[in-house]
Number of protein chains: 2
Amino acid sequence: MHDIGFAQHDHAACVASALASAETTCAAEKLQLTPTRRRVLEILLEEHRAMGAYDILAILASEGIGSQPPVVYRALDFLVTNGFVHKIEKLNAYLACTHPGEDHSPVFMICRACGAVAESSMPLADLRRSAESTGFLIETTVLEIEGLCPACREAA
Amino acid sequence: MHDIGFAQHDHAACVASALASAETTCAAEKLQLTPTRRRVLEILLEEHRAMGAYDILAILASEGIGSQPPVVYRALDFLVTNGFVHKIEKLNAYLACTHPGEDHSPVFMICRACGAVAESSMPLADLRRSAESTGFLIETTVLEIEGLCPACREAA
DNA sequence: TTTAGGGTTGATATATTATAACATACCTTC
DNA sequence: GAAGGTATGTTATAATATATCAACCCTAAA
């Protein structure tokens, strides 16, 4: 059991099911979940935290998979494009999506103190209504919230 | 008149009043709006678009104000910290705040095609209620919306 | 008046994040 | 078996941001 998303859960099962889900999705949509892409997703699922591209690259390099930046950026691009991973712009970091497959507008809660990131979601409807009344067409949204997670609040 | 925030407005008046407002605020709060800081804010107000730090630095350099990165990053840090400028994380770019002084949670609408950025705001109340029910303390929020602005929709 | 402190600036160097560009390999399919 | 698409390997470089340390300037306390 790990401490994730400010709550407890069975991590091994979570990794396995998320990987299986990604494989199913890729098969269904004729996307190539190649070994490098699969391993990057697996790393992000296992670590279950927002990681920098070069952190991931270091792991890949230690496993002999690849040591040049394009290796990891290409894999991340694939994973982000297809909804398996989110980029946390505010941290320049990447995080495995905790509910892939669902059409969601991610909301990240980033703890300034410990760096933990929890993914939530919010109704996009209100947002969309107000934005599009101005004629703006929403394609992607990222809401980044920074603050203190429960554990760090207690520690402070 | 310029085309800003997907609408028209009197830009010269807007720049002047925003600068005056910044000066008033700084005087009241004993913040030092030094020449470099003031000029960076003025540049962002005049351009009225999201600019990269190095774009701003190039202008400062051409004016003999400073040519090294810390010059612009220090000024931006001051301006962002004190609410005169927002950072658009998704673009690694900076934008003068269109309603400084108000306690607001910025919402940026970023046009993928032309790069225009309009700042809006949204009720933080709902957001705060749902986040804090999990024990998370919100300190800062950034919602970044990418899509197509009205002009680019027509062009497409 | 001097000295200590805080805030700002100058300047050099470097860290961190990300992409361009081009060659190669590997499939599929026609 | 040649063409075209997708993915990978590799080198180099671009773009963004920060660390560090010395100098300066103002203020205020000793």
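Each chain gets a letter, A, B and so on, in the order its sequence line appears, and its residues count up from 1.
Between the CG atom of A:Asn92 and the C1' atom of D:dA17 there is a distance of 10 Å, rounded to whole Å. In this entry the distance linking CD of A:Glu89 with P of D:dT16 reads 13 Å, nearest Å.
Smallest separation of non-hydrogen atoms from A:Arg37 and A:Gln32: NH1-O, 2.7 Å. Shortest non-hydrogen contact noted between B:His48 and B:Cys14 is NE2-SG, 3.9 Å. The minimum heavy-atom distance between B:Leu41 and B:Ala96, with the atom names listed, is CD1-CB, 4.4 Å.
Shown for residues 51-83 of chain A: residues whose heavy atoms fall under 4.0 angstrom of DNA chain C, namely A:Tyr54, A:Pro69, A:Pro70, A:Tyr73, A:Arg74. If you check residues 31-43 of chain B against DNA chain C, the residues with a heavy atom closer than 4.0 Å are B:Gln32, B:Thr34, B:Arg37, listed by number.
The nucleotide range of DNA chain C contacted by chain B, defined by atoms under 4.0 angstrom from heavy atoms of the protein and reported 5' to 3', is C:dG7 to C:dT12.
A:Val117 and A:Val80 are members of different hydrophobic clusters when ILVMFWY side chains are connected at heavy-atom separations under 4.5 Å. At a threshold of 4.5 Å between side-chain heavy atoms, the hydrophobic network of Ile, Leu, Val, Met, Phe, Trp and Tyr places B:Leu19 and B:Tyr94 in one connected group. A:Val72 and A:Val85 fall within a single hydrophobic cluster, where Ile, Leu, Val, Met, Phe, Trp and Tyr side chains are chained together by heavy-atom contacts under 4.5 Å. By the rule that hydrophobic residues join a cluster once side-chain heavy atoms approach within less than 4.5 Å of another member, A:Ile88 and A:Met51 end up as members of separate clusters.
The ring-ring contact (aromatic ring centres under 6.0 Å, His included) pairs that include a residue from residues 49-83 of chain B number zero, where partners must be two or more places apart or lie in different chains.
Judged as a salt bridge (charged side-chain N to carboxylate O under 4.0 Å, His left out), and not counting sequence neighbours, B:Glu29 has no contacts. Listed by chain and residue number, A:Ser120, A:Met122, A:Leu143, A:Ile145 satisfy the side-chain contact (heavy atoms from CB on, under 4.5 Å) test with A:Val107 (two or more places apart in sequence, or in another chain).
Residue contacts for B:Lys87: at a heavy-atom cut-off of 4.0 Å it reaches the sugar-phosphate backbone alone, with no base atom in range.
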